[in-house]
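Any value given below was found using the heavy atoms of this structure, including those in side chains, with hydrogens, waters and symmetry copies removed. Chain A is the first sequence line, chain B the second, and so forth, proteins listed ahead of strands; every chain is numbered from 1.
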Amino acid sequence: MAEAVNDLDCRDISKNFAAFKAVRDVTFSVPPGTFFSILGPSGCGKTTLLRMIAGFLEPTSGDLLIKGRSMLDVPPNKRPVSMVFQHLALFPMMNVGANIGFGLRRRGVAKAEIAKRVEAVLERVGLPGAGPRGVDELSGGQKQRVAIARCMVLEPDVLLLDEPLGALDLKLREHMKIELKQLQWEFNTTFVYITHDQSEALVMSDQIAVMNHGVFEQVGTARDLYYNPETAFVAGFVGESNRFAGKVEEAGGGTLKVRTPSGLPLMGTAAAGSLAVGDAVDVFVRPEAVRLSPTSEGVAGQPNVSSGLVDSVLFNGANSRVLIRDAATGGEIDVALPQTGEFHSLKRDDPIHIGWDTAQTLCFAAAGEGS
Amino acid sequence: MNASGKRLTLILLMAPLLIWLVALIVIPHMEILYVSLREKVGVREYEFGFANYMVFFNEPLYWNTFMRTAVMSILATALTLLIGFPVSYYIAKLTRGRSKTILFLLCLIPFWVSELVRTYGWMILLRESGLVSGFLQYIGLASEPIEFLYNDAAIMVGLVYTSMLFMVVPLVTTLDSLDDSMIEAAYDLGGGGVSVWREIVIPHAMPGIVSGCIIVFMLSLGNYLTPILLGGKDSLWFTGLIYSQFITRFNWELGAAFGMLLLVLSSTIVWAGLKLSGQTLTRTVGR
Ligand SMILES: Nc1ncnc2c1ncn2[C@@H]1O[C@H](COP(=O)(O)OP(=O)(O)OP(=O)(O)O)[C@@H](O)[C@H]1O
Ligand SMILES: [Mg+2]
C-alpha cells in the first residue's frame with residue numbers, strides 16, 4: 001500500500017466561473033516520476049485545472065491530493081508543487097542566482113547553503129556559473145532552463161508547466177521538447193505539462209490526458225491515444241485523420257457498413273460502444289493507413305477500395321501527402337505518400353487506386369459534441 | 001542627403017526645444033542669479049556681492065522657514081506615497097475594465113476645478129463654522145465650534161490632496177506593467193505577502209515611486225496657495241517669503257536670492273533621494 005501513493009490525485013474536480021463550467025468532474029492520478037501531459041484545444045480549461053492544482057484557484061467541488069494529502073486548505077506558497085509559467089515569470093529585478101535562490105531564501109536556508117544548491121541546480125540544467133548573469137542576458141532556451149531550475153531547486157513533489165514552450169520559435173521548441181524530457185528523467189520528478197500542441201505531448205509524455213470543454217475525453221499513453229482513440233474528439237484531435245460523416249447500413253460480426261451522404265461505402269469498426277443500423281456516425285481514417293496503388297489489383301482484397309485522380313501532392317520530405325479526389329463522390333482523401341520510391345514521380349491528375357483496412361476505419365456515434 | 005543637410009535638419013528640429021530651453025529656463029534663471037548677486041548701496045546704485053545671501057543665513061526666521069518648508073514637503077511626499085501606493089495597487093492590479101477607468105477618473109476629478117476652488121473646498125469643511133466642526137457638535141463629540149484650519153495638519157491635508165494624482169499616475173503606470181504571473185510565481189515559490197511586496201512589487205515599482213515622489217515634492221515645495229489658505233497668514237512657507245519680498249517689500253534682490261536658494265534646496269534633496277534609493281534620473285524618467 002505504501003508505495004501505491006500517487007504524487008497527484010484529482011477527484012471529481014470542477015470549477016465554475018458563474019454559470020460557465022470551465023472544468024467538469026475531472027478525475028485522474030499521476031504516479032511518481034511520470035511525465036503527465038494535458039492536451040486540449042485553446043479554452044478547454046487546461047490552465048484553470050493547473051491553477052487549481054497550484055492553488056491559485058479554488059475548486060468549486062472535488063478533492064485534490066498530493067502524496068495522499070488533501071491540498072484544499074493549503075495556500076499556494078505552502079503546497080509542495082512548483083509552477084513554470086507560460087511566460088516564465090523570471091524576476092527581472094534579480095540576477096539568475098537570486099531568482100533561483102528566491103524560494104530557498106523564503107524557507108530560511110543559510111546563505112552558503114543557498115549558494116551551493118543554486119550552483120548545483122544550475123549545473124544540472126547545463127548553465128554552470130550563470131548565477132551572476134542578468135535575466136535579460138539569457139537566450140530563450142536558457143531562460144526556460146532557469147525557470148525550471150528555480151522550481152526544481154525546491155525539490156517539489158510535482159512540477160506544473162503551463163505551455164512553457166509556447167513563446168519559443170519553432171526550432172528551439174523542437175530542441176526544448178527533447179531537453180525537457182531529459183530534465184524530467186534526470187530530476188525524476190513528476191511533471192504535469194499542459195499544451196495544445198499534440199506533438200509536444202506525444203513526444204514527451206508517459207501519460208496524456210486529452211481535454212475538451214472541461215472534461216477529460218481519454219487518458220492513456222501516446223500510443224493508446226493514437227491507435228485506440230475512445231472518442232471522436234480524440235480521434236480527430238490527436239494526429240491527422242480523414243473524416244467522413246455517414247449512417248450505419250449494416251452491423252454485425254464486429255464490422256460496420258457505413259455509407260456517406262455522397263454514397264461512398266465504408267467498412268469499419270466501432271471504436272467505442274456499440275452502434276446499430278441507422279445510427280449517424282463519424283468515421284476516421286489515418287492518412288498513413290491508406291494504401292496507394294497505380295492499379296486496381298494493387299489494392300484488391302482491401303475491404304475499402306476507391307479510385308480517383310491525384311488532386312495535389314503536398315511535398316514535405318518524409319511527411320509528404322497526396323490529396324486524392326475520389327472518382328465516385330468527388331470527396332477528397334488525404335493519404336500519406338509512401339517513401340519507398342515507387343510514387344516519387346506522382347503528379348496532379350494521375351489516376352490512382354487506394355484501399356484500406358476495416359480495423360483502421362474507426363466509427364464513433366456522431367451525437368454529443370457537434371464538432 | 002549629405003552631411004551638412006542632415007545637420008541643418010537636426011538644427012531646425014531642435015530649434016523650438018532650444019528656444020524654449022534658453023528663453024524660458026536659462027535666461028530667467030540667469031537674470032534671477034544676477035539680481036540676487038546685486039547689493040543695494042544707494043538709490044538705484046548697486047554693486048556685486050553676497051549680501052542678500054548673508055541676510056538669509058543671519059536671520060533665523062528665514063532659515064527656519066526654509067527648513068520647515070523642506071521637512072513639511074518631504075513629509076507630504078511620504079504621506080502621499082503611503083496613501084497613493086495602496087490606491088494605485090488597487091487600481092492597477094485588483095480592478096479590471098470599467099471600474100478601473102472609473103476609479104482612475106475619480107482621482108482626476110478634483111483637478112477639473114482650479115486649485116483655489118479645491119482648497120476653498122477644504123476651508124468649507126475645516127473652518128470653525130464648517131461641516132466637520134458642525135457635525136462633531138451635532139453628534140455630541142464637541143460642545144463648541146472647533147477650528148481645524150490654520151495649523152500644520154491642515155496644510156498637510158491640503159498638500160497631500162493636491163498632490164495625490166501626481167503620485168497615483170506614475171505608480172499605476174508602473175504597477176500596470178508588472179505581470180500578474182510574476183506575483184503568482186513569487187507566491188508559488190513560497191513567498192508570503194511581505195516578501196512578495198518587498199522583493200517583487202516595490203522593486204518593480206521603484207521608477208514610478210521615485211518619479212512620483214520627485215513630482216510631489218517639487219509641487220509641495222513650490223506650492224503657494226495651499227499653505228497660505230489652509231495654514232493662515234503665519235503659515236511660514238518659503239514661497240510665501242519669496243512672494244512677500246517681491247510683491248510686498250519690493251526687495252527683488254532678496255527675493256531672487258531666496259529663489260536661487262529654493263532651486264538649490266530642491267535639487268539637493270532630489271539628488272539625495274535618488275542616491276538613497278539607488279535610482280538614476282535617466283532610469284526613472286526614461287521609463
Ligand atoms: N477568471 C475567469 N472568469 C471567467 N471565465 C474564465 C476565467 N478564467 C478562465 N475562464 C474561462 O474558462 C475557460 C477555460 O480557460 P483556460 O484558461 O483554462 O483555457 P486553456 O485551456 O488554458 O486555454 P489556452 O490554451 O488558450 O490557454 C475559457 O473559456 C475562459 O474564458
Ligand atoms: Mg492556458
A:Phe56 to B:Glu184 - nearest heavy-atom pair and separation: CZ-O, 3.3 Å
Would you name the heavy atoms of A:Phe102 and B:Leu189 that are closest together and state the gap between them? CD2-CB, 3.9 Å
Mind listing the closest non-hydrogen atom pair of A:Val81 and B:Asp188 along with its distance? O-OD1, 3.8 Å
Please flag which part of A:Leu90 lies under 4.5 Å from any non-hydrogen atom of chain B: side chain, backbone, both or neither. backbone
Crowded around A:Glu58 CD? As in, over 12 foreign heavy atoms under 6.0 Å? no
Select one option (side chain, backbone, both, neither) describing which atoms of A:Met83 are under 4.5 Å from chain B's heavy atoms. both
Please determine whether the number of non-hydrogen atoms from other residues, nucleotides or ligands lying under 6.0 Å from atom CD of A:Glu137 exceeds 12. yes
Is it true that atom OH of B:Tyr90 has more than 12 heavy atoms of other residues, nucleotides or ligands lying nearer than 6.0 Å? no
For A:Asp169, does the CG atom sit with more than 12 other heavy atoms under 6.0 Å from it, leaving out its own atoms? yes
Would you name the heavy atoms of A:Arg106 and B:Gly190 that are closest together and state the gap between them? CB-O, 3.7 Å
A:Arg150 versus chain B, heavy atoms under 4.5 Å apart: side chain, backbone, both or neither? both
Heavy-atom pair count under 4.5 Å with chain B, highest-scoring of A:Met94, A:Arg107, A:Gln86: A:Met94
Within this structure, what is the CE-CZ distance for the pair B:Met182 and A:Phe85, rounded to the nearest 0.5 Å? 10.5 Å
Among B:Pro203, B:Ser181, B:Gly192, who wins on heavy-atom pairs under 4.5 Å with chain A? B:Ser181
Other residues, nucleotides, ligands: >12 heavy atoms within 6.0 Å of A:Lys21 NZ: no
